[in-house]
A.B. asks: 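Starting off with a structure, shown below.
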Amino acid sequence: MRHVIALDVGGTGMKAALVAQDGALLHQARRATGRERGPDAVVEGILDFAAELSTHGAEHFGEPASAAGVAVPGIVDADRGIASYAANLGWRDIPLRDLLADRLGIPVALGHDVRTGGLAEGRIGAGQGADRFLFVPLGTGIAGAIGIAGRVEAGAHGFAGEIGHIVVRPGGSACPCGQRGCLERYASAAAVSEAWAAATGDPDADAADCAKSVASGDPNAVRVWQHAIDALADGLVTALTLLDPRTLIIGGGLAEAGDTLFTPLREAVRQRVTFQKLPQIVPAALGDTAGCLGAGLLAWDLLTTTDGTEVTP
């Protein structure tokens, strides 16, 4: 059975799959990234994991994988196949595409983790059928993927979609990026956790706890939550003013709060728009499999010409 290797590399763990042409997951596996062993060991771990997946595919599905796709965090030069920088993995300028291609002997595509997840959400997830979408995962930080006609825009230098660094509170909290008042300092899961821990005096309290307290009507939690909602709505309206998406897809840890997030967020965005067209605001559909599924799509794209004709590597 023809298949590709899909690999999603995170700060602490890697998710992988062998993906058939119809999108079926033929095999799935996970393992630790091993960042505590240093960047060289992380890279070697990725290569070994991919090689094991290749062997598994050949043994169980009658032929080796036709291509591979890998999604990584940080700054990515997808055109050159280089993982330029990732603070949480400690690497700089790793020619990951070529290293994998040499190890596996097949074509390899490299992508940014959020943009790759956005590609999957746009094609086969919550944005399916939308010609323009914006995918915004609310996790430890906040990033974005700009979807245009079935692809995701990387920008001239690979930085497109960094909505988390829109300044929503000028002169506000310092951000590691060097600015003050960035969106992710107020509306990420990490920011909500920090604010709720401070409000409760419990260092272990997190955003999920805050959401539960909001649902039960705790006024302190409602205050913290609304503070984040207001900042998020300000950032999203700036983004939709610039991009005019048809669908706005919200994912990440905060999206797991469901209506506790989406009901006030939709209202806050609605109150802020004037001439702009209000997009459909929907939860992400693919969860933590989005990056892996997107990596599979990148791999299959390598095997398809612009007119949709299959090619053999």
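Predicted model only: the values in this text are computed from it and were never measured. When a residue number appears, it is its place in the shown sequence, counting from 1.
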A.B. asks: Please round to the nearest 0.5 Å and tell me the distance separating atom CG of Leu298 and atom CG of Leu293.
C.D. replies: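 One finds 11.5 Å between CG of Leu298 and CG of Leu293.
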A.B. asks: Taking Gln280 for its side chain and Thr247 for its backbone only, find out whether a donor-acceptor pair lies under 3.5 Å.
C.D. replies: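 Checked: no pair found.
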A.B. asks: Hey, what do you get for CH2 (Trp225) to CG (Leu265), rounding to the nearest 0.5 Å?
C.D. replies: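 That separation rounds to 10.0 Å.
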A.B. asks: Any salt bridge between Lys212 and Asp218, counting N to O under 4.0 Å?
C.D. replies: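 Looking at Lys212 and Asp218, the cut-off is not met.
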A.B. asks: Are the side chains of Val76 and Ser84 in contact, using a 4.5 Å heavy-atom criterion?
C.D. replies: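 A side-chain contact under 4.5 Å is absent here.
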A.B. asks: Between Ala295 and Ala71, which heavy-atom pair has the shortest distance, and what is it?
C.D. replies: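 So the minimum-distance heavy-atom pair works out to CB-N, 4.3 Å.
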A.B. asks: Can you find a pair of side-chain heavy atoms, one from Ser54 and one from Leu104, that are under 4.5 Å apart?
C.D. replies: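 Yes, at least one pair of side-chain atoms sits under 4.5 Å.
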A.B. asks: Output yes when a side-chain donor or acceptor of Thr33 lies under 3.5 Å from a complementary backbone atom of Gly10, and no otherwise.
C.D. replies: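 Yes, the answer is positive, given that a donor and an acceptor are paired below the 3.5 Å cut-off.
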A.B. asks: Output yes when Asp288 and Arg30 qualify as a salt bridge under the 4.0 Å nitrogen-oxygen rule, no when they do not.
C.D. replies: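 So Asp288 pairs with Arg30 through a salt bridge.
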A.B. asks: For Ala17 and Cys292, which heavy atoms make the closest approach, and how far apart are they?
C.D. replies: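 The answer is N-SG, 3.6 Å.
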A.B. asks: Give a yes or no answer on whether the side chain of His60 reaches the backbone of Ala58 with a donor-acceptor pair at less than 3.5 Å.
C.D. replies: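 A pair under 3.5 Å: no.
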A.B. asks: Can you tell if the side chain of Trp300 reaches within under 4.5 Å of the side chain of Val19, non-hydrogen atoms only?
C.D. replies: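 In short, these two side chains touch, coming nearer than 4.5 Å.
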A.B. asks: Run the numbers on Asp131 and Arg246 for side chain to side chain contact (heavy atoms under 4.5 Å, CB included), then give the verdict.
C.D. replies: CA-CA 7 Å; Asp131 56 345; Arg246 197 172 307 280; 2.7 Å; yes
A.B. asks: Looking only at non-hydrogen atoms, find the nearest pair between Ser188 and Gly139 and report the distance.
C.D. replies: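 Minimum heavy-atom contact is CB-O, 3.3 Å.
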A.B. asks: Would you say the ring centers of His56 and His27 fall short of 6.0 Å from each other?
C.D. replies: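 Yes, they do, as the ring centres are separated by less than 6.0 Å.
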A.B. asks: Asp209 side chain to Asp206 main-chain N or O, any donor-acceptor pair under 3.5 Å?
C.D. replies: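 Checked: pair present.
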A.B. asks: Within this structure, what is the CG-CG distance for the pair Leu278 and Leu240, rounded to the nearest 0.5 Å?
C.D. replies: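 Separation between the atoms: 7.5 Å.
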A.B. asks: Over all heavy atoms of both residues, which pair between Ala231 and Tyr186 is shortest? Give the atoms and the distance, please.
C.D. replies: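 In terms of heavy atoms, the two residues are closest at CB-CB, 3.6 Å.
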A.B. asks: Do Val43 and Tyr85 belong to the same hydrophobic cluster, where Ile, Leu, Val, Met, Phe, Trp and Tyr are linked whenever their side-chain heavy atoms lie under 4.5 Å apart, directly or via other members?
C.D. replies: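 Different clusters: Val43 never reaches Tyr85 through Ile, Leu, Val, Met, Phe, Trp or Tyr contacts under 4.5 Å.
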A.B. asks: Does Arg31 make a cation-pi contact with Phe49 (under 6.0 Å, within 45 degrees of the axis)?
C.D. replies: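 Geometry flag: set, cation within 6.0 Å and 45°.
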A.B. asks: Phe159 and Ile142: same hydrophobic cluster, using ILVMFWY side-chain contacts below 4.5 Å?
C.D. replies: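 No, Phe159 and Ile142 fall in different hydrophobic clusters.
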A.B. asks: Strictly distance-based, threshold 3.5 Å: is any side-chain N or O of His112 a donor or acceptor partner for the main-chain N or O of Val114?
C.D. replies: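 A pair under 3.5 Å: yes.
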A.B. asks: A side-chain contact here means heavy atoms from C-beta on lying under 4.5 Å apart; do Ile82 and Leu96 qualify?
C.D. replies: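 Ile82 vs Leu96: side chains apart.
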A.B. asks: Give a yes or no on whether the backbone of His165 and the side-chain of Gln179 come within a donor-acceptor separation of less than 3.5 Å.
C.D. replies: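 It does hold such a pair.
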A.B. asks: What distance do Cys210 atom SG and Arg223 atom CZ have between them, rounded to the nearest 0.5 Å?
C.D. replies: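 It is 9.0 Å, given to the nearest 0.5 Å.
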A.B. asks: If we only count heavy atoms from C-beta on, is the Asn220 to Trp196 side-chain gap below 4.5 Å?
C.D. replies: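 Contact flag for Asn220/Trp196 side chains = yes.
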A.B. asks: Hydrophobic clusters here meaning ILVMFWY residues chained together by side-chain heavy-atom distances under 4.5 Å, can you tell me if Val70 and Ile5 are in one?
C.D. replies: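 Yes: a chain of side-chain contacts under 4.5 Å links Val70 to Ile5.
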A.B. asks: Give me the atom names and distance for the closest heavy-atom approach of Pro73 to Ala86.
C.D. replies: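 Minimum heavy-atom separation between Pro73 and Ala86: O-CB, 3.8 Å.
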A.B. asks: Should the pair Lys277-Asp244 be classified as a salt bridge under the 4.0 Å nitrogen-to-oxygen rule?
C.D. replies: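 Salt bridge flag = no for Asp244 with Lys277.
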A.B. asks: So does Thr274 get a backbone contact from the side chain of Gln276, meaning a donor-acceptor N/O pair under 3.5 Å?
C.D. replies: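 Side chain of Gln276 to backbone of Thr274, a donor-acceptor pair under 3.5 Å: yes, one is there.
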A.B. asks: Please check if the side chain of Ser216 supplies one atom and the backbone of Ser213 the other of a donor-acceptor pair under 3.5 Å.
C.D. replies: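 Judged by distance alone, yes, a pair lies under 3.5 Å.
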A.B. asks: Would you compute the distance between atom CD of Glu121 and atom CG of Leu286 and round it to the nearest 0.5 angstrom?
C.D. replies: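 The CG atom of Leu286 is 4.0 Å from CD of Glu121, to the nearest 0.5 Å.
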A.B. asks: If Ile, Leu, Val, Met, Phe, Trp and Tyr residues are connected whenever their side-chain heavy atoms lie under 4.5 Å apart, and connections chain through other members, are Leu110 and Leu47 in the same group?
C.D. replies: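 Yes; tracing contacts between hydrophobic side chains, which count when under 4.5 Å, links both residues.
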A.B. asks: Between Arg185 and Glu194, does any side-chain N to carboxylate O distance fall below 4.0 Å?
C.D. replies: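 Judged by the 4.0 Å cut-off on N to carboxylate O distance, Arg185 and Glu194 do form a salt bridge.
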A.B. asks: Less than 4.5 Å apart, side chain to side chain, heavy atoms only: is that true for Phe275 and Thr241?
C.D. replies: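 Of all side-chain heavy-atom pairs linking Thr241 with Phe275, at least one is under 4.5 Å.
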A.B. asks: May I have the step-by-step check of side chain to side chain contact (heavy atoms under 4.5 Å, CB included) for Arg2 and Glu63, ending in yes or no?
C.D. replies: CA-CA 7 Å; Arg2 200 171 186 215; Glu63 61 179 288; 4.3 Å; yes
A.B. asks: When you group the ILVMFWY residues by side-chain heavy-atom contacts below 4.5 Å and let the links chain together, are Val282 and Leu134 in the same group?
C.D. replies: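 No: no chain of side-chain contacts under 4.5 Å links Leu134 to Val282.
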A.B. asks: For Ala299 and Gly69, which heavy atoms make the closest approach, and how far apart are they?
C.D. replies: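 Of all heavy-atom pairs spanning Ala299 and Gly69, the closest is CB-N, 3.5 Å.
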A.B. asks: Could you give me the CA-CA distance, side-chain angles and deciding distance for Trp91 and Asp40, then say whether side chain to side chain contact (heavy atoms under 4.5 Å, CB included) is met?
C.D. replies: CA-CA 8 Å; Trp91 64 28; Asp40 290 343; over 6 Å; no
A.B. asks: Has Arg115 got a side-chain atom pairing as donor or acceptor with Gly158's backbone, closer than 3.5 angstrom?
C.D. replies: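 Pair found, side chain donor or acceptor close to backbone of Gly158.
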A.B. asks: Do Leu100 and Ile106 touch side chain to side chain, with heavy atoms closer than 4.5 Å?
C.D. replies: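 Leu100 does not reach Ile106 side chain to side chain.
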A.B. asks: Measuring from atom CG of Leu236 to atom CD1 of Ile250, what distance do you get when rounded to the nearest 0.5 angstrom?
C.D. replies: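 Answer rounded to 0.5 Å: 5.0 Å.
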A.B. asks: May I have the step-by-step check of side chain to side chain contact (heavy atoms under 4.5 Å, CB included) for Thr12 and Arg35, ending in yes or no?
C.D. replies: CA-CA 7 Å; Thr12 58; Arg35 63 180 179 178; 3.8 Å; yes
A.B. asks: Any donor-acceptor pair under 3.5 Å linking the side chain of Glu153 with the backbone of Gly155?
C.D. replies: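 A pair under 3.5 Å: yes.
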A.B. asks: Between Arg103 and Asp98, is the closest basic N to carboxylate O distance under 4.0 Å?
C.D. replies: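 No.
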A.B. asks: Identify whether the distance between the nearest side-chain nitrogen and carboxylate oxygen of Arg272 and Asp234 falls below 4.0 Å.
C.D. replies: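 Answer for the salt bridge query: yes.
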A.B. asks: Any side-chain heavy atom of Val72 within less than 4.5 Å of one from Asp113?
C.D. replies: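 Result no, sub-4.5 Å side-chain heavy-atom pair not found.
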A.B. asks: Ion pair present between Arg97 and Asp77, side-chain N to carboxylate O less than 4.0 angstrom?
C.D. replies: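 Salt bridge between Arg97 and Asp77, a charged N being under 4.0 Å from a carboxylate O: no.
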